[in-house]
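Contents: one structure, followed by commentary.
Please read all numbers here as calculations on a predicted model, not as lab measurements. Worth knowing before you read on, the calculation uses all heavy atoms, side chains too, and leaves out hydrogens, waters and symmetry mates. Numbered from 1 within each chain, the chains take letters A, B, ... in sequence-line order.
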Amino acid sequence: MSGAEAIASGAIAAGLRFFAGYPITPSTEIAEILSIKLPKVGGSFIQMEDEIASISAIIGASIGGAKSMTATSGPGFSLMMEGLGFACMAEIPIVVANVQRGGPSTGLPTKVGQGDVLQTRWGTHGDHAIIALSPSSVYECFTITVRAFNLAERYRVPVIILTDESVAHMRETVVLPQEGEYEVIDRELPTVPPEWYLPYDRAHGGVAPMASFGSGYRYHITGLTHDAHGFPTSVSEEVDDCIRGQIEKIIFNLDDIVEVEQLYMDDAEIMVVCYGITARAAKEAVEIARSKGIAVGILNLLTIWPFPVQLLQTITEQIRVAIVPEINMGQIIREVKSSVEGRCKVVGINRVDGDNIYPHQILEKISEVLS
Amino acid sequence: MISEKMRKYLRPTKKFPHVWCPGCGIGTIMGAIVRAIDKLKLDADKIVMVSGIGCTSRMPVYLDFNTLHTTHGRALAFSTGLKLARPELHIIVVTGDGDACAIGGNHFIHSARRNIEMTMIVVNNSIYGMTGGQVSPTTPYQAYGTTAKLGNIERPFDICDLAIAAGAIYVGRATCYHSTLMEKLVYDALQKDGFSVIEAIAQCPTFFGRLNDFKNVVEMVNWQKANAVPVKKAEKMSSEELEGKFTIGLLHDVDFPEYTNLYRKLMKRAQGGG
């Protein structure tokens with residue numbers, strides 16, 4: 001099956017019951033597949049008038065209690081920044097799959113890109129925290145999609161599946177995990193009487209239970225800064241709690257959120273920091289290099305945001321050079337550089353011509369840094 | 001004085017005083033909506049009031065329903081997702097002329113086209129109030145705004161014509177002066193199985209009034225009274241007689257299959273039934 005099919009299957013497995021989207025290459029397959037799958041499981045699919053409407057609709061459905069998702073690519077993702085910020089601010093769980101293509105603007109619709117990495121983190125205005133996961137295989141498209149829903153529901157936050165054209169269109173033979181073999185997390189619902197309910201209470205681990213509209217808990221949801229009741233406020237202490245709380249619920253739970261695949265890292269002196277389709281090229285390159293006795297390892301960022309700063313700080317004790325291949329002019333390399341704080345050399349491999357980074361390019365860079 | 005009936009639906013703490021200026025028409029419209037809901041004896045737990053951004057969009061926070069204050073222009077898009085996920089909920093969208101017809105124009109026409117069940121109340125004061133008096137898509141030709149100091153050179157939208165053309169099944173218009181008519185229209189709209197639109201013409205004394213030489217609120221409300229023509233009366237009038245005036249009352253009432261009902265049927269077919 002393709003990566004797109006695995007994302008759709010993973011979403012249904014995680015409990016997806018609402019999808020709204022707008023056609024855009026190369027993500028459209030996800031919408032097409034879910035338009036067939038969702039009504040079969042009692043869920044709803046709707047094709048909206050644009051991407052702003054799509055992300056707005058999934059937030060609305062999530063407020064009604066349905067696990068919700070949309071899928072898009074660069075131009076549509078740009079339009080979704082407004083809704084993404086609302087979901088951060090109002091703390092509404094949603095999942096957004098961004099199948100990256102070449103940009104900026106209409107760019108290169110049918111070919112691969114990884115140019116939306118920093119937009120994913122900082123694209124919506126204002127200070128906020130966000131979670132983004134990056135699969136590099138069809139199998140991971142399934143598992144990461146399940147995980148995206150679990151994290152969205154647990155932390156009441158938008159989660160982005162930051163994938164790319166190559167991963168979404170790639171076909172691989174996979175044996176998907178069966179029901180019961182993966183964890184499915186549902187959002188916590190309030191148990192207190194409605195008059196005691198505080199939709200933005202930070203008292204218990206920073207994430208309050210979320211009541212669905214229509215369930216007897218009548219409360220207010222707004223994109224304005226709000227107090228624990230959800231009512232608008234401009235009182236400094238309440239504003240601080242609103243914004244700081246949204247960020248701290250993520251950064252205080254990095255152990256649960258951050259997932260990194262490490263390969264051949266025990267004795268590595270060179271590491272390749274990669275994500276998405278580029279991780280596949282890196283794996284082949286590193287296996288070839290290892291067969292020649294070169295001490296090189298891989299750090300595959302399955303969680304791309306929040307960035308694993310602490311992990312990089314500890315790993316780089318033994319690393320001399322970090323190689324960062326990206327299908328952009330250098331985005332995640334900024335995070336790598338700032339995390340290692342000069343303890344090792346950091347070099348990039350960059351490509352923006354619509355093609356993938358190939359194993360030989362990474363091997364050439366390994367030879368170059370060795371000489 | 002707030003009536004006992006009204007008090008029952010207001011949120012008791014923290015939300016008052018409200019943000020609206022003295023003389024603003026939005027409170028009158030909120031009263032009409034609440035009275036219509038009360039008359040229908042709808043369960044407050046099943047009512048969702050959704051809004052976008054602007055003066056009117058501040059209405060939900062004061063009312064004790066499920067309330068959702070979304071981003072600018074998007075109330076209908078949020079509502080579409082919510083209605084599909086929870087078809088049993090009554091969704092009332094309150095929005096202004098800028099929110100509904102400028103930034104939210106696309107969602108407006110497509111929600112009407114889909115005929116998804118919800119009632120949209122567009123408070124039309126012909127100006128952007130919250131941001132301080134800029135022209136909107138319903139500002140009359142040659143009227144003044146802070147972004148049209150030499151007079152507006154754009155043609156205004158007729159909100160009701162737009163709604164009818166886009167496919168809304170129930171469309172009506174009233175003014176703050178005609179608040180009983182407004183209540184009646186909202187009462188009927190809430191019972192329609194489809195997308196209904198009420199245009200509520202309101203005075204904005206602070207910006208539209210001051211920029212357009214209205215002396216006071218009374219003069220603005222009198223303007224509503226003088227220029228509103230009931231539909232039946234308008235039928236007997238010539239286009240010259242109707243020049244500069246607008247019709248009020250029920251303008252359009254038809255039936256058409258409702259979207260979430262159609263989707264429920266589709267779902268049954270997908271599951272191998274009916």
What distance separates [X] [atom1] from [Y] [atom2], expressed to the nearest 0.5 Å?
| X | Y | atom1 | atom2 | result |
| --- | --- | --- | --- | --- |
| A:Ile46 | B:Tyr259 | CD1 | OH | 3.5 Å |
| A:His229 | B:Arg11 | NE2 | CZ | 10.5 Å |
| A:Ile52 | B:His72 | CD1 | NE2 | 12.0 Å |
| A:Phe86 | B:Leu68 | CZ | CG | 5.0 Å |
| B:Thr70 | A:Ile221 | OG1 | CD1 | 11.0 Å |

Contact summary for [X] and [Y], nearest pair of heavy atoms:
| X | Y | result |
| --- | --- | --- |
| B:Tyr263 | A:Pro39 | OH-CD, 3.7 Å |
| B:Thr67 | A:Phe213 | O-CZ, 3.4 Å |
| B:Asn66 | A:Gly214 | OD1-N, 3.5 Å |
| A:Ser44 | B:Met267 | OG-CE, 3.9 Å |
| B:Arg74 | A:Ser56 | CB-OG, 3.7 Å |

Original post:
For chain B, which residues from residues 65-78 of chain A have at least one heavy atom closer than 4.5 Å to it?
Top reply: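 Listed by number, the contacting residues are A:Ala66.
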Sort [X] into side chain, backbone, both or neither according to what part of it lies under 4.5 angstrom from a heavy atom of chain B.
| X | value |
| --- | --- |
| A:Phe18 | side chain |
| A:Ala53 | both |
| A:Phe45 | both |
| A:Ile58 | neither |

For chain A, the option from [options] that forms the most heavy-atom pairs under 4.5 Å:
| options | answer |
| --- | --- |
| B:Thr80, B:Val48, B:Thr71 | B:Thr71 |
| B:Leu63, B:Leu76, B:Asn106, B:Leu266 | B:Asn106 |
| B:Ile53, B:Ile47, B:Thr260, B:Leu84 | B:Leu84 |

Original post:
With chain B, which of A:Lys40, A:Glu49, A:Arg17, A:Met48 has the greatest number of heavy-atom pairs at distances under 4.5 Å?
Top reply: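 Answer, by heavy-atom pair count under 4.5 Å with chain B: A:Glu49.
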Subject >> Contact residues of residues 108-115 of chain B (partner chain A; heavy-atom separation under 4.5 angstrom) >> reply: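 Against chain A, the residues of residues 108-115 of chain B that fall inside the cut-off (heavy atoms, under 4.5 Å) are B:His110, B:Arg114.
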Subject >> Close contacts, residues 26-46 of chain B versus chain A, judged by heavy atoms under 4.5 Å >> reply: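 Within residues 26-46 of chain B, the residues that come under 4.5 Å of chain A (heavy atoms only) are B:Ala44, B:Asp45, B:Lys46.
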**OP:** Would you check if the side chain of B:Arg86 reaches a backbone N or O of A:Gly64 as a donor-acceptor pair within less than 3.5 Å?
**Re:**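 Yes; at least one donor-acceptor contact below 3.5 Å.
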Subject >> Partners passing ring pair (Phe, Tyr, Trp, His ring centres under 6.0 Å) against B:Tyr62 (at least two apart in sequence or in another chain) >> reply: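 B:Tyr62 satisfies ring pair (Phe, Tyr, Trp, His ring centres under 6.0 Å) with B:Phe16, B:Trp20 only.
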Crowding at [atom1], [X] (>12 non-hydrogen neighbours, <6.0 Å):
| X | atom1 | value |
| --- | --- | --- |
| A:Tyr217 | OH | yes |
| A:Glu179 | CD | no |
| B:Gln271 | CD | yes |

